[in-house]
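As the structure lists them, so they are numbered: ligands from 1, and atoms in each ligand from 1. None of the values given here were measured: they were computed from a predicted structure.
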Amino acid sequence: MKAIIFDLDGVVVDTAKYHYLAWRKLAEELGFAFEEEHNERLKGVSRMRSLEIVLEVGGLTGMSEVQKQELAERKNGYYLNMISGIDQSEILPGISQFISRQKRAGYKIALGSASKSGRMILEKLGLADQFDAIVDGNLAERAKPDPQVFIKAAELLGVPCSECIVIEDAAAGIDAALAGGMKCIGVGGKAILGKADIVVPDTEALSGIEML
Ligand code: G6P
Ligand code: MG
């Protein structure tokens with residue numbers, strides 16, 4: 001294996017909670033509760049697809065494209081506001097050390113995130129320089145579970161897909177990695193991420209994986 005491709009939200013940084021809080025605020029304004037139990041479905045998927053899922057949960061159908069655009073932008077405004085002060089303290093446990101160690105071991109490192117704020121967040125965390133390639137939602141049109149975001153990252157690194165390992169916290173991301181012919185490590189619960197080659201409970205446990 002020659003490269004490691006990291007998902008962002010929920011793997012590098014604890015931003016998944018802010019995405020959830022921003023969707024919940026939007027749902028409240030629309031008159032329904034968006035509970036954490038529905039949140040798993042939003043992980044890894046694009047902003048517009050997330051909005052469709054949120055509206056489906058609220059039973060709101062028949063919105064025009066213009067209305068949907070406005071709602072997605074409103075949610076993004078809340079999200080950007082919530083992460084405006086984000087800094088290194090929100091990097092998930094062990095991740096900075098893990099990235100440094102794998103770079104020293106010779107792995108190329110990339111980001112493969114659906115988020116249009118991906119690069120900006122890595123910069124705020126002071127991690128952007130550690131990444132040999134950054135693919136975020138501005139570079140990939142097709143959202144996970146489509147493998148496009150990971151395939152683009154592999155291309156930018158110049159590494160064949162079969163020699164890439166993806167680290168993901170979302171079922172859609174695991175499906176995307178497997179569809180791209182990559183190895184895949186899930187961070188989180190086995191019930192949700194069971195299709196991954198290896199599942200670890202949290203980011204701290206990444207350092208104990210033998211295949212790396
Ligand atoms: C990631 C997150 C999703 C988020 C998506 C788009 O995949 O896991 O929760 O909706 O990125 O993020 P964006 O910042 O572009 O709205
Ligand atoms: Mg994620």
Side-chain angles (χ1 to χ4, degrees), residues 4-27 34-57 68-84 86 90-93 95 110-125 127 134-150 152-153 165-180 182 184-189 192-193 195-196 199-203 206:
I4 304 176
I5 307 177
F6 289 79
D7 171 49
L8 179 71
D9 300 298
V11 170
V12 172
V13 63
D14 199 9
T15 36
K17 66 180 182 225
Y18 298 123
H19 279 295
Y20 168 62
L21 291 173
W23 286 122
R24 199 175 69 176
K25 185 169 158 70
L26 183 75
F34 186 75
E35 308 288 356
E36 202 144 14
E37 62 187 270
H38 299 297
N39 193 43
E40 209 55 53
R41 292 177 65 196
L42 303 189
K43 288 187 183 169
V45 302
S46 70
R47 195 181 303 167
M48 280 315 273
R49 180 67 197 124
S50 298
L51 174 68
E52 284 162 12
I53 294 169
V54 171
L55 294 176
E56 190 186 304
V57 167
K68 283 195 210 167
Q69 205 61 46
E70 188 276 319
L71 293 174
E73 276 166 30
R74 208 197 299 173
K75 177 269 171 180
N76 192 47
Y78 298 148
Y79 176 68
L80 291 179
N81 200 24
M82 288 172 190
I83 62 162
S84 61
I86 202 167
E90 304 229 30
I91 299 175
L92 283 161
I95 285 290
L111 186 81
S113 167
S115 174
K116 290 189 168 27
S117 297
R119 177 180 287 276
M120 178 268 281
I121 291 173
L122 281 189
E123 280 164 7
K124 278 189 182 243
L125 299 176
L127 284 178
I134 297 178
V135 178
D136 67 13
N138 300 299
L139 284 184
E141 312 85 56
R142 298 200 298 275
K144 301 170 189 175
D146 189 289
Q148 188 191 39
V149 62
F150 295 139
K152 282 211 172 183
I165 305 170
V166 168
I167 307 185
E168 259 293 347
D169 72 320
I174 305 277
D175 287 342
L178 296 176
M182 301 179 180
C184 181
I185 299 170
V187 179
I192 291 159
L193 308 175
K195 284 195 225 160
V199 179
V200 292
D202 52 39
T203 50
L206 286 170

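Counting heavy atoms only, Ser115 comes closest to atom 6 (C) of ligand 1 of the residues Gly173, Ala172, Ala143, Ser115. The nearest non-hydrogen atom to atom 16 (O) of ligand 1, considering only Glu73, Arg47, Lys144, comes from Arg47.
The residues Asp175 and Lys195 are annotated as salt-bridged, a charged nitrogen and a carboxylate oxygen being separated by less than 4.0 angstrom. Ion pair Glu168/Lys144 flagged as a salt bridge, since at least one NZ, NE, NH1 or NH2 atom sits closer than 4.0 Å to an Asp/Glu carboxylate oxygen. A salt bridge is defined here as a Lys NZ or Arg NE, NH1 or NH2 lying under 4.0 Å from an Asp or Glu carboxylate O, and Glu73 with Arg47 fails to meet this definition.
When only non-hydrogen protein atoms are considered, atom 9 (O) of ligand 1 lies nearest to Leu42 O, 3.4 Å. Among protein heavy atoms, atom 2 (C) of ligand 1 sits closest to Asp9 OD2, 3.3 Å.
Every residue two or more places apart in sequence or in another chain that forms a side-chain contact (heavy atoms from CB on, under 4.5 Å) with Ile165 is listed here: Met1, Tyr107, Lys183, Ile185, Met211, Leu212. Every residue two or more places apart in sequence or in another chain that forms a salt bridge (Lys or Arg N to Asp or Glu O under 4.0 Å) with Asp14 is listed here: Lys17.
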Checking Lys25 against Tyr79 for the side chain to side chain contact (heavy atoms under 4.5 Å, CB included) test, could you report, in this order, the C-alpha distance in whole Å, the side-chain angles of both residues, the deciding distance, and whether it holds?
CA-CA 10 Å; Lys25 185 169 158 70; Tyr79 176 68; over 6 Å; no
What verdict does the side chain to side chain contact (heavy atoms under 4.5 Å, CB included) test give for Phe34 and Leu42, after you've listed the backbone C-alpha separation in whole Å, the side-chain angles of each residue and the deciding distance to 0.1 Å?
CA-CA 11 Å; Phe34 186 75; Leu42 303 189; 3.6 Å; yes
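At least one heavy atom of Ser50 sits closer than 4.0 Å to an atom of ligand 1. Residue-ligand proximity: Gly44 is placed with a non-hydrogen atom under 4.0 Å from ligand 1. Proximity of Val45 to ligand 1 is established by a heavy-atom distance of less than 4.0 Å.
For ligand 1, the atoms closer than 4.0 angstrom to any heavy atom of Ala114 are 6 (C), 7 (O), 11 (O), 15 (O).
Around the Mg ion (ligand 2), the protein atoms of type N, O or S that sit closer than 2.8 Å are Asp7 OD2, Asp9 O, Asp169 OD1.
Side-chain contact, Lys43 with His19: no donor N or O sits under 3.5 Å from an acceptor N or O. In the model, Tyr18 has a side-chain atom that pairs as donor or acceptor with a side-chain atom of Glu90 under 3.5 Å.
When only interatomic distances are considered, the shortest N/O to N/O separation between Lys116 and ligand 1 falls below 3.5 Å.
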Show me the side-chain donor-acceptor pairs of residues 110-124 shorter than 3.5 Å, one per line, residues at least two apart or across chains.
residue: Ser113; atom: OG; partner: Ser115; partner atom: N; Å: 2.9
residue: Ser115; atom: OG; partner: Ser117; partner atom: N; Å: 3.0
residue: Lys124; atom: NZ; partner: Ser84; partner atom: O; Å: 2.7

